[in-house]
Amino acid sequence: MLTIALSKGRILAQTLPLLKKAGLEIADSELNSRKLILDTNLAEVKVIIIRATDVPVFVQHGAADMGIAGKDVLLEHGAHGLFELLDLGIAKCRLMVAAQSSDHLQENILKVATKYVNSAKQYFQQKGQPCEIIKLYGAMELAPIVKLSHCIVDLVDTGNTLKANGLIPLDHIADISSRLVVNSASFKTKNTQIKSWINAIEKNI
Ligand code: AMP
């Protein structure tokens, strides 16, 4: 049996066609059901669809053998106990620092609103910029407008969300895309099965 953890939401829509090309299909009846463990066209493969931030946790602990998650989530998690084996090249975006202007970054202690607490902390530490991180779970763009923070660290794709809220992308922290991760123990015990999936997926990237 092989269990694959997939991220809900925007990544899922781009992941399913990739898996289908590699030979793994999940029927709409399964996707639309309230089941948490979904059957696939292959009796030996099950899929769980969970919050993106939970994917590395399930894979790290071996509750899933493989998973697909954004690099943003993996950077934040630290990716202990799992191998990042493929860049799927989907759900591409950038992790960036944004503010109303570059002047807003000229602070002795920079207030940064973000859900990427670890990535932001590490970035500003490397720059030697003292900062206070304010953890938010969404609507980061609001924080500079209401003076909760001087800047934000968030994902940027088209830049439209920033623009609509009067923010400018300033510093680039990392390029983000979805990655295939594998539990390190599963990679040893189910090596043949996992490698054949990696090869099948890689051919269709
Ligand atoms: P955009 O307006 O196109 O720059 O998109 C920015 C918004 O979409 C932000 O709220 C991001 O958190 C979210 N976003 C953009 N790309 C991704 C992605 N690849 N994965 C998850 N969220 C994303």
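Residue numbers run from 1 in the order of the sequence given. Both ligands and their constituent atoms are indexed starting at 1 by order of listing. A quick note: this is a predicted structure, and the numbers were derived from the prediction, not measured.
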Is there side-chain contact between V181 and P56, with at least one heavy-atom pair below 4.5 Å? no

Using a 4.0 Å heavy-atom cut-off, say whether D72 meets ligand 1 through its side chain, its backbone, both or neither. neither

Short version for A91: what comes under 4.0 Å of ligand 1, heavy atoms counted, is both

Is the closest side-chain heavy-atom distance between V55 and I68 below 4.5 Å? no

Which protein non-hydrogen atom lies closest to atom 7 (C) of ligand 1, naming both residue and atom, and how far is it? T161 OG1, 3.8 Å

Residue, atom name and distance, where the atom is the protein heavy atom closest to atom 9 (C) of ligand 1: L155 O, 3.6 Å

Is R10 touching ligand 1 with its side chain, its backbone, both, or neither, if touching means heavy atoms under 4.0 Å apart? side chain

With respect to I194, which candidate in N191, T192, I198 satisfies the side chain to side chain contact (heavy atoms under 4.5 Å, CB included) definition? I198

Considering only protein heavy atoms, which is closest to atom 12 (O) of ligand 1, and at what distance to one decimal place? D154 OD1, 3.5 Å

Would you call L180 and W197 a side-chain contact if the rule is heavy atoms closer than 4.5 Å? no

With a 4.5 Å limit on heavy-atom distance, are the side chains of L24 and I4 in contact? yes

Would K71 and E84 count as a salt bridge (charged side-chain N to carboxylate O under 4.0 Å, His left out) here? Give the steps. CA-CA 9 Å; K71 182 69 181 174; E84 184 184 311; 2.8 Å; yes

Report yes or no: does a heavy atom of G159 sit under 4.0 Å from some atom of ligand 1? yes

In terms of atom number and element, which parts of ligand 1 are under 4.0 angstrom from non-hydrogen atoms of N160? 2 (O), 4 (O)

Using a strict cut-off of 4.0 Å, indicate which atoms of ligand 1 neighbour a heavy atom of T158. 1 (P), 2 (O), 3 (O), 4 (O)

SB check D175 R94 (cutoff 4.0 Å): no

